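Count residues from 1 along the sequence. In this text, all values refer to a predicted model and were calculated from it rather than measured experimentally.
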Amino acid sequence: SIDLYAKCGSIQLARQVFDRMPERNAVSWNVMVAGYARHGHDEEALKLFGEMQVASVKLDRFTFISVLRSCTNLLALKHGKQIHA
């Protein structure tokens, strides 16, 4: 399952399962976005979030928690690069 692969850090396998799903619901989208965010693939998480919006998937609090996590990580990275420049 997507959740199992994502939680174990096998993001590529999780994405393969996700991509092969004939129909996706909000849970499958959220699990994939959260998996990306949890393992530091923040740009991928935000890209998938954009795809989720285009697909008219209903966003919920789980979606926003993962997206905010990725935004925070990317902002911290940007500030860290500025500090060490």
Side-chain angles (χ1 to χ4, degrees):
S1 96
I2 298 171
D3 191 40
L4 175 69
Y5 287 131
K7 284 182 178 175
C8 292
S10 298
I11 298 300
Q12 291 176 338
L13 288 173
R15 184 59 192 248
Q16 288 174 5
V17 172
F18 178 81
D19 288 340
R20 290 183 187 144
M21 293 178 74
E23 291 186 33
R24 301 174 190 128
N25 60 22
V27 173
S28 57
W29 284 90
N30 281 334
V31 167
M32 198 65 238
V33 171
Y36 277 138
R38 183 180 303 118
H39 295 287
H41 301 280
D42 301 304
E43 291 180 8
E44 289 89 347
L46 296 178
K47 180 180 174 192
L48 193 61
F49 171 70
E51 293 174 23
M52 195 175 177
Q53 291 178 298
V54 169
S56 299
V57 177
K58 185 177 179 184
L59 308 175
D60 60 24
R61 66 178 184 221
F62 299 107
T63 312
F64 291 111
I65 289 168
S66 296
V67 169
L68 287 173
R69 180 181 193 168
S70 288
C71 289
T72 301
N73 290 344
L74 289 171
L75 184 61
L77 178 63
K78 179 181 174 185
H79 286 291
K81 286 181 178 180
Q82 289 174 344
I83 291 169
H84 291 288

Please report the closest heavy-atom contact between [X] and [Y], naming both atoms and the distance.
X: A6; Y: V31; answer: CB-O, 4.3 Å
X: G35; Y: I11; answer: O-CD1, 3.4 Å
X: N73; Y: A37; answer: ND2-O, 4.2 Å
X: A26; Y: K58; answer: CB-O, 3.9 Å

[Y] side chain reached by [X] side chain, heavy atoms, under 4.5 Å:
X: E51; Y: V57; answer: no
X: V67; Y: L59; answer: no
X: T63; Y: D60; answer: yes

Going from [atom1] on [X] to [atom2] on [Y], what distance comes out if it is rounded to the nearest 0.5 angstrom?
X: D3; Y: C8; atom1: CG; atom2: SG; result: 9.0 Å
X: L48; Y: H41; atom1: CG; atom2: NE2; result: 13.0 Å
X: R69; Y: D42; atom1: CZ; atom2: CG; result: 8.5 Å
X: W29; Y: F49; atom1: CH2; atom2: CZ; result: 11.5 Å
X: D19; Y: R24; atom1: CG; atom2: CZ; result: 5.5 Å

Worksheet item: In chain order, what residues pass the side chain to side chain donor-acceptor pair (under 3.5 Å) check against K47, with sequence neighbours excluded?
Response: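 Side chain to side chain donor-acceptor pair (under 3.5 Å) list for K47, sorted by chain: empty.
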Worksheet item: Tell me the side-chain hydrogen bond (donor to acceptor under 3.5 Å, both in side chains) pairs involving residues 31-40, sequence neighbours left out?
Response: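 Checked against side-chain hydrogen bond (donor to acceptor under 3.5 Å, both in side chains) - neighbours excluded - the pairs reaching residues 31-40 are R15-Y36.
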Item to complete: Take atom CZ of F18 as the centre, draw a 6.0 Å sphere, and report whether it contains more than 12 heavy atoms from other residues, nucleotides or ligands.
Response: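 Yes, enclosed.
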Practice prompt. Give a yes or no on this: more than 12 heavy atoms of other residues, nucleotides or ligands lie within 6.0 Å of atom CD of Q16.
Written response: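 Atom CD in Q16 is packed in, count exceeds 12.
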Practice prompt. Identify, with sequence neighbours excluded, every residue that meets side chain to side chain contact (heavy atoms under 4.5 Å, CB included) alongside V17.
Written response: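 By the side chain to side chain contact (heavy atoms under 4.5 Å, CB included) rule, V17 matches I2, Y5.
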